[in-house]
Visitor: 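Next up is a structure, given as structure tokens.
Note that the coordinates shown come from a computational prediction; the quantities given were computed from them, not determined experimentally.
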Amino acid sequence: MNKKLLLSLLLLVQVIIVNLLSFFPDFIENYYSNGLYPYIARTSRLIFGFSGFSVGDIIYGAVLFLIIKWLWKNRKTWRRNYKANFLDIASAVSVFYFLFYFLWALNYHRVPLHEKMDIDKKYTPDELVAFTKKLIAKTNSLQETITGNDSLKVKNPAQKSEIYTIAINGYQNLEKQYPQFNYENLSLKSSLISTPLSYMGFGGYLNPFTNEAQVNSKLPKYNYPTTTCHEMAHQIGYASESEANFIGYMASINNNDIYFQYSGYSFALKYCLRNISKIDEEQAKSLLPLINKGVRLNFKESEEFNDEYQSFIENIFKYFYDSYLKLNHQEEGLETYSKFVGLLVNYYKDKEL
């Protein structure tokens, strides 16, 4: 049988297998997420983590070049050689699909984190408001400790390369309480395509083929530590965006570095305020005067960053990413990012901030 035809047929087989496996999260959890995947991930980070630049971005660039070259070469053959062209595309997609799910994406179908940690996801508006007020007090306290003035915004003095090095400390501390969050072999990179990422509305991404955590180097630095920890959560096998948000927050606040702690608490506060606003906008506005001016200036910094890179491109990419998340059984799509608020509220029901 023709090799390209075989690969094309295998694409359909792979799609069926992945969808069948999604019904057996315990199997994936035991044999992939906690079995094969950690070896794949650590090996990838060992191979690609040594370089100070993003190998994955370069690979993506090379692949994009080859795709454009192929399209140009075959631009006049669509009708005459449509079968051969279709097999070329289908076989390439088949290889991509296999590598994507084998190297990382099966983690989308593992046992949900809230089940493993026995945390409820539901909360009442009153519980959310009460928790948010505690977050405000904690964030205010850290902001004043750092700046010595409640009206000054926090400016992280560390270089971005230093932030990457410091980030591992939070995971080391978190691992003592939750061994499942073990992280080894650092592989954190500033993305070579940070400007396009900014226009697309993304703070970073995990390259599933090299297991490099790519961080958007254009981001406001006060928020940089938690974004870094979020991408690290993807590296250790947590594909869900809400789970990566929760783990990234936990790794930030458990870091010995106070700037990481501030980044984590302010990150959580912003999401809680956003969720309150969806329920009761007036209630959310009534909480703003409780927040130190310096914290609000940091939030304004993020708003100005988003405004600077606002474009129609972001809407296009977020539409496709929303659809991508839904295809991978994250039914809420982009809304799944904010679902980690439920994990937060319920995690702290019997704990202090």
Side-chain angles (χ1 to χ4, degrees), residues 45 48-54 57 135 138-176 181 183-195 197-198 202-207 212-236 244-245 247-271 292-306 308-309:
R45 293 199 294 272
F48 298 105
F50 73 93
S51 69
F53 60 89
S54 172
D57 282 349
L135 266 181
K138 185 68 177 181
T139 307
N140 284 346
S141 175
L142 287 167
Q143 181 268 332
E144 289 184 48
T145 300
I146 292 170
T147 66
N149 187 321
D150 65 5
S151 298
L152 296 177
K153 70 179 182 180
V154 169
K155 297 181 180 179
N156 193 324
Q159 298 295 318
K160 285 162 185 174
S161 58
E162 293 175 313
I163 290 174
Y164 298 151
T165 303
I166 297 168
I168 190 69
N169 170 259
Y171 275 90
Q172 289 170 339
N173 290 337
L174 187 60
E175 182 192 354
K176 295 172 185 175
F181 299 141
Y183 183 104
E184 297 176 9
N185 306 329
L186 202 66
S187 184
L188 298 167
K189 313 287 179 68
S190 294
S191 177
L192 298 176
I193 55 170
S194 289
T195 298
L197 282 178
S198 299
F202 295 121
Y205 74 96
L206 171 72
N207 188 308
E212 294 169 292
Q214 316 278 352
V215 186
N216 182 345
S217 63
K218 302 290 185 181
L219 292 175
K221 204 186 285 186
Y222 87 93
N223 192 41
Y224 211 82
T226 301
T227 301
T228 299
C229 291
H230 170 103
E231 300 306 332
M232 293 170 74
H234 285 318
Q235 284 182 300
I236 59 174
N245 268 354
I247 298 165
Y249 160 82
M250 293 290 288
S252 297
I253 67 164
N254 280 279
N255 200 295
N256 296 336
D257 185 278
I258 194 171
Y259 291 95
F260 268 76
Q261 295 168 25
Y262 176 76
S263 180
Y265 284 115
S266 60
F267 173 83
L269 174 58
K270 192 160 34 175
Y271 267 95
N292 282 355
K293 182 181 178 182
V295 178
R296 283 184 275 126
L297 285 174
N298 279 131
F299 289 169
K300 185 179 179 182
E301 191 179 356
S302 293
E303 290 171 7
E304 289 173 347
F305 170 80
N306 292 332
E308 180 182 354
Y309 291 100

Visitor: Write down the atom of Q159, the atom of E162, and the distance for their closest heavy-atom approach.
Guide: N-OE1, 2.7 Å
Visitor: Please check: side-chain N/O of N292 versus main-chain N/O of G294, any donor-acceptor pairing under 3.5 Å?
Guide: no
Visitor: Can you name the closest pair of heavy atoms from C229 and F260 and give their distance?
Guide: SG-CE2, 3.9 Å
Visitor: To the nearest 0.5 Å, what is the distance between CD1 (I166) and CG (D257)?
Guide: 4.5 Å
Visitor: Taking side chain as C-beta onward, heavy atoms only, is Y183 less than 4.5 Å from I247?
Guide: no
Visitor: So among S161, S54, S51, which one has a side-chain hydrogen bond (donor to acceptor under 3.5 Å, both in side chains) with K189?
Guide: S51
Visitor: I'd like to check H230 versus N245 (side-chain heavy atoms, cut-off strictly below 4.5 Å). Are they in contact?
Guide: yes
Visitor: So do the side chains of I236 and Y171 get within less than 4.5 Å of each other, counting heavy atoms only?
Guide: yes
Visitor: Please report the interatomic distance OH(Y164) to CD(E231), rounded to the nearest 0.5 Å.
Guide: 10.0 Å
Visitor: Restricting to pairs with a member in residues 260-270, which pass side chain to side chain donor-acceptor pair (under 3.5 Å), not counting sequence neighbours?
Guide: Y222-K270, T226-S263, Y262-N298, K270-S302
Visitor: Which pair of non-hydrogen atoms, one from G170 and one from N255, has the smallest distance, and what is that distance?
Guide: N-ND2, 3.2 Å
Visitor: Does any N or O in the side chain of N254 come within less than 3.5 Å of the main-chain N or O of L174, such that one atom is a donor and the other an acceptor?
Guide: no
Visitor: Could you state the interatomic distance from CG (L297) to CZ (F299), rounded to the nearest 0.5 Å?
Guide: 11.0 Å
Visitor: Identify the heavy atoms of D57 and N207 that sit nearest to each other, and give their distance.
Guide: N-ND2, 4.4 Å
Visitor: Please determine whether side-chain contact (heavy atoms from CB on, under 4.5 Å) holds for the pair I193 and Q214, giving the CA-CA distance in whole Å, both sets of side-chain angles, and the decisive distance to 0.1 Å.
Guide: CA-CA 9 Å; I193 55 170; Q214 316 278 352; over 6 Å; no
Visitor: For E212 and L206, work out which heavy atoms get closest and say how close.
Guide: O-CD1, 3.4 Å
Visitor: Without hydrogens or angle criteria, can the side chains of S191 and Y205 be said to hold a donor-acceptor pair below 3.5 Å?
Guide: no
Visitor: Is there a donor-acceptor contact under 3.5 Å linking the side chains of T228 and K160?
Guide: no
Visitor: Could you check if a side-chain atom of D150 sits within less than 4.5 angstrom of a side-chain atom of N140, using non-hydrogen atoms only?
Guide: no
Visitor: Angle class for the F305/Y309 ring planes (parallel below 30°, perpendicular above 60°, tilted otherwise)?
Guide: tilted
Visitor: Using 0.5 Å steps for rounding, measure from the CG atom of N156 to the CD1 atom of I146.
Guide: 8.0 Å
Visitor: When rounded to the nearest 0.5 angstrom, what is the spacing between CG in N185 and CZ in F48?
Guide: 13.5 Å
Visitor: When rounded to the nearest 0.5 angstrom, what distance separates CG in N216 from OH in Y224?
Guide: 7.0 Å
Visitor: Shortest non-hydrogen contact from A213 to L188?
Guide: CB-CD2, 3.4 Å
Visitor: Side chains of Q143 and T147: is there a donor and an acceptor less than 3.5 Å apart?
Guide: yes
